[in-house]
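Scope of the values below: all heavy atoms of this structure, side chains included, with no hydrogens, waters or symmetry mates. Numbered from 1 within each chain, the chains take letters A, B, ... in sequence-line order. Here the structure is a predicted model, which means the values were calculated and not measured.
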Number of protein chains: 2
Amino acid sequence: MSKDTREKILDAGLRLFSKKGYLGSTTKEIAKAAGVAELTLFRHFASKEKLFEEMISRHSFLPALKVLLPGLKDMSYEDALFEIAKRFLERLSERRELIRIMHSEIYLYPAKVKEIYHTFIDEILRTLASYFRDLQGRNILRDFNPEAGARAFLGMFFSFFNSQEFLMRKEVRNIDTEKVIRDFIDIFIRGTMK
Amino acid sequence: MSKDTREKILDAGLRLFSKKGYLGSTTKEIAKAAGVAELTLFRHFASKEKLFEEMISRHSFLPALKVLLPGLKDMSYEDALFEIAKRFLERLSERRELIRIMHSEIYLYPAKVKEIYHTFIDEILRTLASYFRDLQGRNILRDFNPEAGARAFLGMFFSFFNSQEFLMRKEVRNIDTEKVIRDFIDIFIRGTMK
DNA sequence: GTAAAATGTAAGTAAGCGCTAACATAATAT
DNA sequence: ATATTATGTTAGCGCTTACTTACATTTTAC
């Protein structure tokens, strides 16, 4: 069975599940969106549920913001935070379908959804916390709980992303995104530096 | 047709919709949870969709944190922020079912969901921003964008609430909630005061 | 105490769902 | 060229769903 077909179905699944939810998407519809017969879908995936699960695990891994970390040492604190925030928001945008699924299917697949959350957020939380800890060691940052700091920082942006992406009226969006980010960072910097 | 019955059905609807989503909840099941016959449900609501809509609009109004505002003037900045954060988190907890629905049914009812969001978050955002503006006028806070500040502040807590409530493993929860809140506020205060 | 209003019971309809069976056709490999 | 593999077509099964019909029973109001 061709790999291309499989990918086409997985892609269509991602799109539809994120748009209409798991129960709201039908196998017929997914097959049509993938440009294959419904039966072909079932030849590749034993069930709708298996398709969903494979789609999730296919997309949930995180090519990791961790690669950013070494580069940060050579930047000012402000630039570093800006870089992290920017990358984080970009990454959320790239994965907006998955985030949407995460929000909407939590009642159906708590385990799967938590898996997404943790591969997505947990690692960057830890990474950021260790960055803070390092700067505290070098006496640049004051003494605060690095985990709480990371949570506060990413929380501001995650929440901002969600309201921009899913909850705001179109007219209100993008008016001053960049500026809001700078304001967030500004507050955060003053709140954490020595 | 009795008002009690109507309420019982609306309550059961809230519980089930939040637990299983709109499509995941059946009218039979809702009726059973309400302790009435399925037919009675349809005698009170023309359709499942109408029930959903009425349930949403019944619960979405916000008895307003606005009443807090006058009292804040007599508190220290820190105490005021703590009070706001506490009340905000309490309010989110009280309405956790609705928040869950907001997350999960956004693909079905974007308009309704945005309505919830705006009655819920928008007003407190504005209230908080005006509080900041006031303190800036009295030269207690430095010059920053009050709307962005309000967004950052509530965003930290909203995001924290969501991860606590929906995404964290039970074991991790409640270990240091109070402390995390204090850390958030601490960062925020240092970030915004003169 | 009786009429009216509210609810219950039971059976069923029409439609849509996930999924399968049977067979035909196209693409690929050797 | 032929065997194999991947897909298409069509029809349908068994089940569940939202919602209805017809009628019996309970609750309420005056």
Next on the checklist: Mind checking if A:Gly24 touches a base, just sugar-phosphate, or nothing, with heavy atoms under 4.0 Å?
Outcome noted: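 Nothing: the residue A:Gly24, judged by heavy atoms under 4.0 Å, touches no strand.
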Next on the checklist: With clusters defined by side-chain heavy atoms of hydrophobic residues (ILVMFWY) lying less than 4.5 Å apart, directly or transitively, does B:Leu51 cluster with B:Leu39?
Outcome noted: no
Checklist entry - Between B:Tyr22 and B:Phe52, how do the two ring planes meet: parallel, tilted or perpendicular, split at 30° and 60°? => result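 Taking B:Phe52 first and then B:Tyr22, their aromatic rings stand perpendicular (interplane angle over 60°).
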Checklist entry - With ring centroids as reference points, do B:Phe144 and B:Phe132 lie under 6.0 angstrom apart? => result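 Yes - the distance between ring centres of B:Phe144 and B:Phe132 falls below the 6.0 Å cut-off.
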Can you tell me which nucleotide in [options] comes closest to the side chain of [X]?
X       : options               : result
B:Leu39 : C:dT9, D:dT9, C:dC17  : C:dT9
B:Thr26 : C:dC19, D:dG8, D:dT17 : D:dT17
A:Ala37 : D:dC19, D:dT9, D:dT20 : D:dT9

Checklist outcome for this item: Result for 5'-nearest mapping on DNA chain C, choosing between A:Phe42 and B:Arg6, is B:Arg6
Whole angstrom is fine here: how far is it from [atom1] in [X] over to [atom2] in [N]?
X       : N      : atom1 : atom2 : result
B:Tyr22 : D:dA18 : OH    : C1'   : 9 Å
A:Lys28 : D:dG8  : NZ    : P     : 15 Å
A:Lys32 : C:dG16 : NZ    : C1'   : 15 Å
B:Glu29 : D:dT16 : CD    : P     : 13 Å
A:Ile9  : C:dC19 : CD1   : C1'   : 14 Å
B:Arg43 : D:dA18 : CZ    : C1'   : 16 Å
A:Lys48 : C:dC19 : NZ    : P     : 8 Å
A:Glu38 : D:dA11 : CD    : P     : 15 Å

Checklist entry - Would A:Thr192 and A:Tyr77 satisfy side chain to side chain donor-acceptor pair (under 3.5 Å), going step by step from the backbone distance to the final call? => result CA-CA 10 Å; A:Thr192 51; A:Tyr77 183 45; 2.8 Å; yes
Checklist entry - How far apart are the C-alpha atoms of A:Phe157 and A:Phe153, what are their side-chain angles, what is the distance that settles it, and do they pass the ring-ring contact (aromatic ring centres under 6.0 Å, His included) test? => result CA-CA 7 Å; A:Phe157 290 103; A:Phe153 187 75; 5.0 Å; yes
Next on the checklist: Looking at A:Thr27, I'd like to know whether one of its side-chain N or O atoms comes within less than 4.0 Å of OP1 or OP2 on C:dC17.
Outcome noted: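 So the side-chain polar atoms of A:Thr27 never come under 4.0 Å of the phosphate oxygens OP1 or OP2 of C:dC17.
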Checklist entry - B:Thr5 side chain N/O closer than 4.0 Å to the phosphate oxygens (OP1, OP2) of C:dT7? => result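 Yes.
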